[in-house]
Amino acid sequence: MFKKVFLFYISYLAAMIYAQTLLLLWFLHNGVSYIDMLLYFLVFYVAVISLFFIFKGVKFSSRNALLIGVGTSALAILVANAMTHVYFIYIIAIIFSFNIVFFWTIYNTLHFKYSESHEHGFKSGMYFLFSPIFSTILAPIAGVVVERFGYHTLFLSSMVLY
């Protein structure tokens with residue numbers, strides 16, 4: 001079961017890194033100030049904490065929660081793609097907060113639940129190793145896509161990966 005969960009994580013991570021690498025530049029390109037970006041992160045973290053309190057004690061199947069998490073990540077990218085006003089970033093922050101609650105919380109739990117206790121160190125190392133590897137590969141690819149075809153192509157092509 002661990003292999004299935006880990007492969008799901010790797011595929012999601014690739015889509016997420018490709019889609020979100022240049023998101024803050026997209027915000028800047030659309031007139032979002034640095035103060036607005038700070039507020040974006042404030043809204044994001046406050047929404048995450050609020051959602052944890054709202055969903056406290058509510059049971060979700062792991063499969064459904066992971067699908068909601070991936071879906072909200074993709075939805076936030078689609079909303080960013082359709083951004084027409086600076087205030088869209090706050091909607092995007094709230095949507096991404098659902099991703100943290102439904103994807104990352106559940107995935108981290110499953111990661112350790114399905115790995116043997118004597119393998120936690122190695123598998124945790126693998127878990128954290130893939131993010132910089134994918135960033136090294138996918139960030140330049142995302143940059144080339146934006147340079148040649150634009151942000152809309154980046155965001156829409158990321159839907160294929162999601």
Side-chain angles (χ1 to χ4, degrees), residues 1-115 117 120 123-124 126-132 134-135 138 142 151-152 154-156 158-162:
M1 183 63 160
F2 179 80
K3 287 181 183 178
K4 286 173 122 176
V5 171
F6 196 68
L7 288 173
F8 183 77
Y9 160 73
I10 289 172
S11 65
Y12 169 73
L13 188 65
M16 181 200 71
I17 288 172
Y18 175 73
Q20 295 179 28
T21 296
L22 301 175
L23 190 60
L24 294 179
L25 286 175
W26 172 246
F27 290 165
L28 199 59
H29 180 74
N30 281 285
V32 175
S33 70
Y34 292 119
I35 297 296
D36 287 327
M37 286 189 214
L38 286 172
L39 291 173
Y40 161 84
F41 285 107
L42 178 66
V43 168
F44 171 74
Y45 290 115
V46 167
V48 168
I49 291 169
S50 300
L51 287 172
F52 278 127
F53 283 114
I54 290 168
F55 291 121
K56 183 180 178 185
V58 177
K59 303 274 186 199
F60 296 95
S61 76
S62 298
R63 173 175 279 185
N64 289 340
L66 289 172
L67 290 175
I68 290 169
V70 171
T72 54
S73 184
L75 177 62
I77 295 301
L78 284 175
V79 171
N81 186 48
M83 188 171 167
T84 58
H85 196 276
V86 170
Y87 297 113
F88 269 59
I89 65 168
Y90 304 116
I91 297 167
I92 295 165
I94 291 168
I95 296 170
F96 272 137
S97 69
F98 280 89
N99 171 261
I100 297 297
V101 172
F102 286 100
F103 182 84
W104 290 107
T105 305
I106 300 303
Y107 176 75
N108 285 324
T109 303
L110 292 175
H111 181 86
F112 290 105
K113 178 181 177 182
Y114 290 120
S115 63
S117 62
H120 281 178
K123 289 187 175 175
S124 294
M126 294 300 291
Y127 173 60
F128 288 103
L129 176 66
F130 279 102
S131 185
F134 283 176
S135 293
L138 295 171
Y151 283 98
H152 296 297
L154 173 71
F155 296 143
L156 295 176
S158 69
M159 293 304 113
V160 173
L161 294 176
Y162 276 115

Among all residues two or more places apart in sequence or in another chain, which pass the side-chain contact (heavy atoms from CB on, under 4.5 Å) test with [X]?
{"X": "I49", "result": "F53"}
{"X": "I106", "result": "S62, A65, L66, L110"}
{"X": "I54", "result": "L51"}

Does any pair with a residue in residues 92-106 pass side-chain hydrogen bond (donor to acceptor under 3.5 Å, both in side chains), and if so which ones, sequence neighbours excluded?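 Sorted pair list: Y12-N99, N99-W104.
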
Could you give all pairs that pass the side-chain hydrogen bond (donor to acceptor under 3.5 Å, both in side chains) test and reach residues 83-94, with sequence neighbours left out?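 Counting only pairs at least two positions apart or across chains, the side-chain hydrogen bond (donor to acceptor under 3.5 Å, both in side chains) contacts touching residues 83-94 are D36-Y90.
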
With the side chain counted from C-beta on, respond yes when [X] and [Y] share a heavy-atom pair under 4.5 Å apart, and no when they do not.
{"X": "F44", "Y": "I100", "value": "yes"}
{"X": "F88", "Y": "Y40", "value": "no"}
{"X": "T21", "Y": "L138", "value": "no"}
{"X": "I89", "Y": "M83", "value": "yes"}
{"X": "V48", "Y": "F96", "value": "no"}

I'd like to check the ring-ring contact (aromatic ring centres under 6.0 Å, His included) partners of [X]; sequence neighbours left out, ordered by chain and number.
{"X": "F134", "answer": "F130"}
{"X": "F41", "answer": "none"}
{"X": "Y151", "answer": "W26, H29"}
{"X": "F55", "answer": "F60, F102"}

Rounded to the nearest 0.5 Å, how far apart are [atom1] of [X] and [atom2] of [Y]?
{"X": "M37", "Y": "L24", "atom1": "CE", "atom2": "CG", "result": "5.5 Å"}
{"X": "F8", "Y": "L13", "atom1": "CZ", "atom2": "CG", "result": "11.5 Å"}
{"X": "L42", "Y": "I35", "atom1": "CG", "atom2": "CD1", "result": "11.5 Å"}
{"X": "T72", "Y": "L78", "atom1": "OG1", "atom2": "CG", "result": "11.5 Å"}
{"X": "S61", "Y": "L67", "atom1": "OG", "atom2": "CG", "result": "8.0 Å"}
{"X": "L23", "Y": "L154", "atom1": "CG", "atom2": "CG", "result": "9.5 Å"}

To check you understand the geometry: which heavy-atom pair defines the closest contact between [X] and [Y], and what is its length?
{"X": "V43", "Y": "A93", "answer": "CG1-CB, 4.0 Å"}
{"X": "I77", "Y": "S158", "answer": "CG2-OG, 3.7 Å"}
{"X": "M16", "Y": "Y162", "answer": "CA-OH, 3.7 Å"}
{"X": "L161", "Y": "A14", "answer": "CD1-O, 4.5 Å"}

Side chain S131, main chain F128, donor-acceptor under 3.5 Å: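 No; zero donor-acceptor contacts below 3.5 Å.
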
Is there a donor-acceptor contact under 3.5 Å linking the side chains of S73 and Q20?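 Yes, Q20 and S73 have a side-chain donor paired with an acceptor closer than 3.5 Å.
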
Inspect the surroundings of CG in L38 and state if more than 12 heavy atoms from other residues, nucleotides or ligands are less than 6.0 Å away.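 More than 12 heavy atoms, drawn from other residues, nucleotides or ligands, come within 6.0 Å of this atom.
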
Give the C-alpha distance, both sets of side-chain angles, the deciding distance and a yes or no for side chain to side chain contact (heavy atoms under 4.5 Å, CB included) between F27 and Y34. CA-CA 9 Å; F27 290 165; Y34 292 119; over 6 Å; no

